[in-house]
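Data first, discussion second: the structure below is written as structure tokens.
The sequence lines fix the lettering, A, B, ..., with proteins before strands; numbering per chain opens at 1.
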Amino acid sequence: MTRTVNILDLGARCLGEKALELVRELKRSQDGNLPPYNEDGIRQVVEEMRALFEQNQLEVRATTDGERGLLSGIQLRHACLERNQRCLLAYVHHRMTRIRDYRWQTGSVLPPSFRLSLCEQEIQWFTHYNRSLATYMRSIAPTGLDLTQHLQPPKSLLVEVRCLEDYGEFEMEDGTVVLLHKNTQHYLPRSQCEPLIRQGVLEHIH
Amino acid sequence: MVCEMAESAREREGDESGGSDEYEYVTLTSAEVLEKLEEAWQNERFAPELLEHKTEVVDCVLEQIKEMEENLSHVGRGDFVAGIHRLELDRVQYVLRSYLRTRLEKIERHVLHVLEQEADGSSSSRLSPEELVFAKEYADNMEAHLQSLVLQHMPSNLQKLDHSKAVSRPNMDSYVFVRAVERTEQVNVDPHSADNVGY
């Protein structure tokens, strides 16, 4: 005898589709900007999970009361629950690593445009991460060692850079002050203009 | 890369752990220390898992960088030789930072696995004390983050992070490049043992 298993009344939508959509959203934006934190999507998945869970509890109770034939439905729902949980964790974790990469690329201050696509907890995470990274970098050497410097292997001591925006005065380690105007070209020590190149103020041309 | 450091002619002392138990003081030239750092760096970059932290080498190089910077600060700007030394200094700085960065990345990627290993205690510790602090903070921060965003909204039986499923581990079966350091007639490569990964 076959028996239709009432998985859950969710209209025509497949189970787990929302969660997959979230993961896909990140995958699509792999090299572009980080999309805003999809709070609505997360909420929908959580709601789906809650409904599945309630249905499962009902049926588990019915099964212990002696009803038969419900187990396969329960198992399927449980698998869906686990899958959804996994997807949500992957979503949040992947965003976390993206924010981390951002820290290494641009520095400890988040640009406003990037900050907008984060949720509050993510900003909090970023602050914590910043703090532990700073503690670590301070602790390796007596004077501290900034690991976010020297990201590229050096090819030459001085590099030619073009200024992309009006930055103003830039003081170098030895006290020389360079005036960085838009569209001017300079020949500067690589180690000192590296942060500015990463921030997009300077462009490395040769 | 040929090492042309300012003090390469001058011998300096570096403490290296000699045997497994006893500590032996070995005198190394800075070129040798640099070689050791480069070796550690290459191994670290090509190995899938976290290797032992070379604390002595790192400390030694840090000291040398400081010394070189001091020496260079007395030299005028136009000096050609000083320029070459500065470039060399930049290179050393890069290797050192890249080494530590690679380690941090590995720690972050497999943080729960690394901490498990550390807590296990069967093998000697691979993290430096500073890295251990960082790893713990990172793991706590990550779990708190996942908890606040996802897990606390889950049904009651799914609120815990299942370590057996969620821990990412290094792929110990991945291939690595090796260079023969000395001549050996025969090497047994047993696909079932994990010991064949040599560097």
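- With a 4.5 Å cut-off on non-hydrogen atoms, B:E131 touches chain A through its backbone and its side chain both.
- Residues A:R95 and A:L118 meet the side-chain proximity criterion, which asks for heavy atoms closer than 4.5 Å.
- When heavy atoms are compared at a cutoff of 4.5 Å, B:L87 approaches chain A by way of both its backbone and its side chain.
- Only the side chain of A:M96 has a heavy atom closer than 4.5 Å to any heavy atom of chain B.
- If you measure heavy-atom distances from A:Y129 to chain B, the contacts under 4.5 Å come from both the backbone and the side chain.
- With a 6.0 Å radius and a threshold of 12 heavy atoms from other residues, nucleotides or ligands, A:R103 has its CZ atom above the threshold.
- Interface residue A:Y37: only side-chain heavy atoms are found under 4.5 Å from chain B.
- Within a 6.0 Å sphere centred on CD of A:E169, other residues, nucleotides and ligands contribute 12 heavy atoms or fewer.
- Neither the backbone nor the side chain of A:R43 comes within contact range of chain B, judged by heavy atoms closer than 4.5 Å.
- Of the listed residues (B:E130, B:E137, B:R101), the greatest number of heavy-atom pairs within a distance under 4.5 Å of chain A belongs to B:R101.
- Put simply, the side chain of B:E39 reaches to within 4.5 Å of the side chain of B:N43, judged on heavy atoms.
- In terms of modelled atom types and a separation under 3.5 Å, the side chain of B:R126 and the main chain of B:L50 share a donor-acceptor contact.
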Item to check | Evaluation steps, side-chain hydrogen bond (donor to acceptor under 3.5 Å, both in side chains), between A:R68 and A:T63 | outcome: CA-CA 6 Å; A:R68 293 161 62 90; A:T63 312; over 6 Å; no

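- Contact count against chain A (heavy-atom pairs under 4.5 Å) is highest for B:M154 among B:H153, B:M154, B:K66.
- For the options A:R190, A:Q121, A:H128, heavy-atom pairs under 4.5 Å to chain B are most numerous at A:Q121.
- Put simply, of B:L104, B:T55, B:V58, the one with the most heavy-atom pairs under 4.5 Å next to chain A is B:L104.
- In this structure, A:Y136 and B:F134 have tilted ring planes: the angle between them lies in the 30° to 60° band.
- Both the backbone and the side chain of A:E122 come within contact range of chain B, with heavy atoms under 4.5 Å apart.
- Inspection of the B:T102 and B:W41 side chains reveals no N or O donor paired with an N or O acceptor under 3.5 Å.
- Both the backbone and the side chain of B:S148 have a heavy atom closer than 4.5 Å to some heavy atom of chain A.
- Looking at B:K106, its side chain does come within 3.5 Å of a backbone N or O of B:E49 through a donor-acceptor pair.
- In this structure, chain A has a heavy atom under 4.5 Å from the side chain of B:V150, while its backbone stays farther away.
- Chain B forms the most heavy-atom pairs under 4.5 Å with one residue out of A:V45, A:L133, A:I42, and that residue is A:L133.
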